[in-house]
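Note sheet for the following structure.
Numbers for residues simply follow the sequence, beginning at 1.
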Amino acid sequence: MQLQQLRYFLAVAETRHFTRAAEAAHVAQPSLSQQIRSLERELGAELFHRTRGNIALTDAGDALLPLARRILADTESARLAVQETVQLRRGRVRLGAPPSLCTSLVPDVLRVFRDRYPGVALGVREGGSRDLVRWLAAGELDLALIITPTSGEAEPALAVTELLHEELVLVSAEGLGGGRRPRRTVRVAELDGRPLVMFREGYDVREAALAACRAAGFEPEFAVEGGEMDAVLGFVRAGLGPAVVPGMVAARSGLSVTPFAGPGLGRTIAVAHGHEVPLTRAAEALRDTLLAHLRDAERDGELPPGTRLLL
């Protein structure tokens with residue numbers, strides 16, 4: 001069994017078409033077909049049902065597919081590990097994070113990392129924690145910042161380190177009393193009947209805000225619903241209503257910030273990676289950069305009020 005044969009098999013499995021698979025693999029279609037037949041002979045089983053205009057995996061093909069993906073992923077990891085041996089001058093790291101952290105914590109960490117390791121390629125993927133957990137388990141990310149706990153089924157397969165407890169706060173264009181002077185705190189119950197600017201579905205902050213309102217005995221009203229982070233802050237600045245946002249985002253927003261009265265609202269931020277696949281040197285360096293950045297921020301008093309380091 002050769003790696004090239006597995007690549008050709010994967011190409012056919014993904015395209016369900018021999019000609020398109022050959023084009024994607026940059027090989028002549030007869031050569032690809034010959035290699036697939038050779039692989040089938042070696043395994044002693046047909047991998048595809050071949051009918052006119054329709055290519056489907058056999059049971060044997062279904063069994064091979066996840067193994068082929070893992071073998072090729074491990075091969076790529078080995079190649080990258082060799083490239084990274086010279087002081088991290090080359091390599092790649094794929095980071096996932098919720099949108100709220102991509103507008104607060106992540107840019108500062110990536111700036112420091114980029115200054116130290118300019119040759120390492122960086123990729124960032126935004127998503128909710130459940131999506132991030134799934135992508136980690138599938139090997140599509142090296143590291144992810146997630147909000148814990150999550151309900152992702154794959155989370156036990158991850159190594160999770162809690163980093164921060166962050167307060168959720170209320171931001172508004174003007175103080176909640178209508179003036180520029182902000183109130184000291186606000187109770188969740190006081191949001192009853194006050195239309196809110198609300199994030200789209202999939203935001204962890206949205207779920208936390210809705211859960212808090214429902215626990216206080218009411219269903220919140222929305223002035224605007226469905227925004228991304230920048231849009232939500234823009235709607236608040238336009239005076240459409242207040243919004244519940246993370247403290248690190250609020251600290252940079254220029255808006256009036258009102259904490260919630262005790263016990264308040266908060267979330268726990270963690271860094272996660274797969275248990276089974278060791279971190280590449282680049283991913284380990286990014287993780288170390290993240291931890292050092294947070295410790296330096298705590299030491300220098302640069303964490304927003306209500307944000308507490310858990311390391």
Side-chain angles (χ1 to χ4, degrees), residues 93-114 122-133 135 141 143-147 150 163-176 180 182 186 188 191 194-213 220-260 265-271 286 290 293-294 297 302-307:
V93 59
R94 302 163 299 173
L95 174 69
S100 58
L101 293 178
C102 286
T103 60
S104 56
L105 175 62
V106 170
D108 292 338
V109 173
L110 294 189
R111 184 189 68 247
V112 175
F113 182 83
R114 186 69 176 171
L122 287 168
V124 178
R125 190 171 182 181
E126 295 184 75
S129 290
R130 281 175 287 185
D131 289 334
L132 294 169
V133 165
W135 296 336
L141 295 174
L143 284 174
L145 292 167
I146 63 173
I147 309 304
T150 71
L163 302 175
L164 290 169
H165 178 79
E166 180 184 25
E167 279 192 353
L168 302 181
V169 298
L170 198 69
V171 292
S172 54
E174 298 182 355
L176 292 182
R180 285 289 177 181
V186 61
V188 173
L191 301 182
R194 182 187 294 271
L196 300 173
V197 176
M198 184 55 66
F199 294 100
R200 64 166 172 81
E201 292 185 2
Y203 267 68
D204 300 288
V205 178
R206 173 193 173 97
E207 302 307 318
L210 293 179
C213 292
E221 299 178 24
F222 300 143
V224 183
E225 179 184 8
E228 301 283 348
M229 181 61 68
D230 288 342
V232 164
L233 296 177
F235 295 151
V236 174
R237 291 189 187 98
L240 294 175
V244 178
V245 302
M248 286 189 285
V249 172
R252 299 169 180 236
S253 68
L255 294 164
S256 177
V257 179
T258 308
F260 286 97
L265 300 182
R267 63 180 188 169
T268 299
I269 299 167
V271 62
L286 179 58
L290 168 66
H293 174 80
L294 292 174
E302 294 177 354
L303 293 177
T307 303

Non-hydrogen side-chain atoms of Val249 and Val205 separated by less than 4.5 Å: no
Starting at CG of Leu265, measure out to CD of Glu167 and round the result to the nearest 0.5 Å. 9.0 Å
In a check of side-chain contact (heavy atoms from CB on, under 4.5 Å) between Leu95 and each of Leu132, Leu110, Leu122, which one passes? Leu110
How close do Pro259 and Val169 get, heavy atom to heavy atom, and via which atoms? CA-CG1, 4.1 Å
Between atom CG of Leu163 and atom CD1 of Ile146, what is the distance when rounded to the nearest 0.5 Å? 9.5 Å
Side chain Tyr203, main chain Met229, donor-acceptor under 3.5 Å: yes
Tell me, do Val232 and Val171 make a side-chain contact under 4.5 Å, heavy atoms counted? no
As an exercise, state the distance from CZ of Phe199 to CG of Asp204, rounded to the nearest 0.5 Å. 10.5 Å
Any luck finding a side-chain donor-acceptor pair between Ser172 and Arg194 under 3.5 Å? no
I need the minimum non-hydrogen distance between Leu168 and Phe260, along with the two atoms involved. O-CD1, 3.3 Å
Under 6.0 Å from the CD atom of Glu201, do we count more than 12 heavy atoms belonging to anything else shown? no
Can you give me the closest heavy-atom contact between Thr103 and Ser100, atom names plus distance? OG1-O, 3.0 Å
Pro304 and Gly247 have their tightest heavy-atom pair at CB-O, 4.0 Å
Quick one: does any side-chain atom of Glu166 pair with a main-chain N or O of Ile269 as donor and acceptor, under 3.5 Å? no
Tightest non-hydrogen contact, residues Val197 and Gly241, listed as CG2-O, 3.5 Å
Flag side-chain contact, heavy atom, 4.5 Å: Leu255 against Val245: no
Would you mind checking if Glu225 and Arg206 are paired as a salt bridge, meaning a charged N to carboxylate O distance below 4.0 Å? yes
Hey, mind stepping through Ser129 and Arg267 against side-chain hydrogen bond (donor to acceptor under 3.5 Å, both in side chains) and telling me if it holds? CA-CA 12 Å; Ser129 290; Arg267 63 180 188 169; over 6 Å; no
Could you walk me through whether Leu105 and His293 pass the side chain to side chain contact (heavy atoms under 4.5 Å, CB included) test, one step at a time? CA-CA 9 Å; Leu105 175 62; His293 174 80; 3.8 Å; yes
Rounded to the nearest 0.5 Å, how far does SG of Cys102 lie from CZ of Arg125? 12.5 Å
Minimum heavy-atom separation for Pro107 and Ser104, please, with both atom names. CD-O, 3.5 Å
